[in-house]
Amino acid sequence: MLLDLSEPRLAGCAGEAVERAIAEMFFEGLIEPAALNAGAPDGGRAARAVVRGTLTGMVDVHWDARAEASLASNFLGAADAGELTDEARQTVLCELANICCGSLLSRLDPGGRFDIETPRLVAEPLGGPWLRFVLECGVVCLAARLEEAR
Amino acid sequence: MSGETSARAVWRILIVDDSPALRSFIKRAMEISGIDTSRCRQAGNGAEALAQLEQEPADLILTDVNMPVLDGEGFLKRLRQLPAHAGTPVIVVSTDATHRRVEDLLALGAKGYITKPFAPERLRAELERVLGAEPAGGG
């Protein structure tokens, strides 16, 4: 069975995972409840975490340029986003994807087992639906495609 | 205050994770918590960690699970086979909070397990629980 964020339980787990990650390790909070959007986000960039195990598939995390500057700075403790190299920003986005993917799967399937490949940036993110998280500093989005391993 | 200064030993902590960003976060989280990180080292996977440990032992190892070359489980198994390092406490830091993974790693000898995401205070609390409030040595 193929799961995406139109499945309420998956969307709920994803929402909790992202909100907690953003709060505890990126020191930001949502300014409005997360909302489901049909289309892929514009601009910015995305990282993908590919997962294999009792559930197999991928989780994409996207951030816009404003969110990138703030969240990368917060995560790495930089006083100014200008201090950060592009490579540093990319590694932070990949780690955000890693954290969100693992946290989501641990909530969705706590009795299961999974391994996450090292996340990578992707030029063409998943088609949707996407969960949209509006922060004061910008917007973060997440999409997922999962299926039970045969 | 008598004016004496007491030399505080510094923990030799080895951070093992394939994400440079996460390694930086952990180091910074320790610094925010008041932990001296001057003797903190980093490795990108279990194999690099073992190579570093051959040069200098650690008082504590923080390790991820999903890593290329040698993952967290493989690293723990190899560590336990090395008499010089078999007793080094290991805390796992992972996104994976599934029951089986946690059980497997604790059964391999991990002394603690921190699930990402985590607040810096959680890291400090776990370090103190495993190592005690002050470093015992480190010379």
Side-chain angles (χ1 to χ4, degrees), chain A residues 13 16-28 47 49-55 59 61 71-79 83-85 87-120, chain B residues 15-33 35 37 40 42 44-46 48 62-75 92-105 107 113-126:
Chain A
C13 291
E16 290 171 6
V18 173
E19 191 166 349
R20 186 160 166 231
I22 297 283
E24 296 207 334
M25 299 183 80
F26 293 82
F27 313 114
E28 291 280 350
V50 174
V51 60
R52 302 188 202 289
T54 48
L55 288 169
V59 173
V61 173
L71 297 182
S73 300
N74 289 355
F75 192 81
L76 295 175
E83 295 174 16
L84 302 177
T85 64
E87 183 180 359
R89 294 163 180 242
Q90 290 179 33
T91 65
V92 175
L93 178 57
C94 288
E95 184 57 27
L96 177 59
N98 183 50
I99 294 168
C100 292
C101 180
S103 185
L104 182 167
L105 285 167
S106 296
R107 292 166 193 276
L108 188 67
D109 189 19
R113 191 168 182 92
F114 63 85
D115 291 300
I116 304 175
E117 295 180 8
T118 302
R120 307 240 185 270
Chain B
I15 303 169
V16 189
D17 197 299
D18 61 333
S19 166
L22 199 282
R23 296 197 304 265
S24 293
F25 180 91
I26 288 175
K27 184 165 183 275
R28 182 166 157 261
M30 291 194 288
E31 290 164 355
I32 290 171
S33 299
I35 295 169
T37 61
C40 183
Q42 301 181 25
N45 57 64
E48 286 183 19
L62 297 166
T63 185
D64 189 12
V65 173
N66 283 294
M67 296 181 289
V69 185
L70 184 64
D71 66 14
E73 288 194 21
F75 173 50
V92 174
V93 183
S94 175
T95 63
D96 192 338
T98 55
H99 306 318
R100 279 194 271 177
R101 182 79 79 179
V102 175
E103 287 169 6
D104 287 350
L105 287 159
Y113 200 108
I114 297 173
T115 303
K116 303 177 204 175
F118 61 91
E121 308 84 71
R122 171 84 178 96
L123 177 62
R124 168 103 196 183
E126 192 69 355

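Just so you know, these numbers use all the heavy atoms, side chains as well, and skip hydrogens, waters and symmetry mates. Note on naming: letters A, B, ... go to the chains in the order of the sequence lines (proteins, then strands), and numbering restarts at 1 for each one.
Taking the charged nitrogens against the carboxylate oxygens, A:E24 and B:R122 have no contact shorter than 4.0 Å, which rules out a salt bridge.
Of the residues considered (A:V92, A:D109, A:I22, A:N98), A:N98 shows the highest number of contacts with chain B, using heavy-atom pairs under 4.5 Å. When the candidates A:A23, A:A21, A:G112 are compared by the number of heavy-atom contacts under 4.5 Å with chain B, A:G112 comes out ahead. Between chain B and the residues A:P110, A:G102, A:P119, A:A88, the most heavy-atom pairs under 4.5 angstrom are made by A:P110.
When heavy atoms are compared at a cutoff of 4.5 Å, A:F27 approaches chain B solely by way of its side chain, counted from C-beta outward.
Contacts between residues 94-104 of chain B and chain A, counted as heavy-atom pairs separated by less than 4.5 Å, involve B:T95, B:D96, B:A97, B:T98, B:H99, B:R100, B:R101, B:D104.
Qualifying side-chain contact (heavy atoms from CB on, under 4.5 Å) partners for B:T37, counting only residues two or more places apart in sequence or in other chains: B:K27, B:M30, B:E31, B:C40.
The heavy-atom pair separating A:T91 from B:S19 by the smallest distance is O-OG, 4.5 Å. When all heavy atoms are compared, the tightest approach of B:F118 to A:M25 is O-CG, 3.3 Å. Among all heavy-atom pairs drawn from B:R28 and A:L76, the shortest one is CD-O, 3.8 Å.
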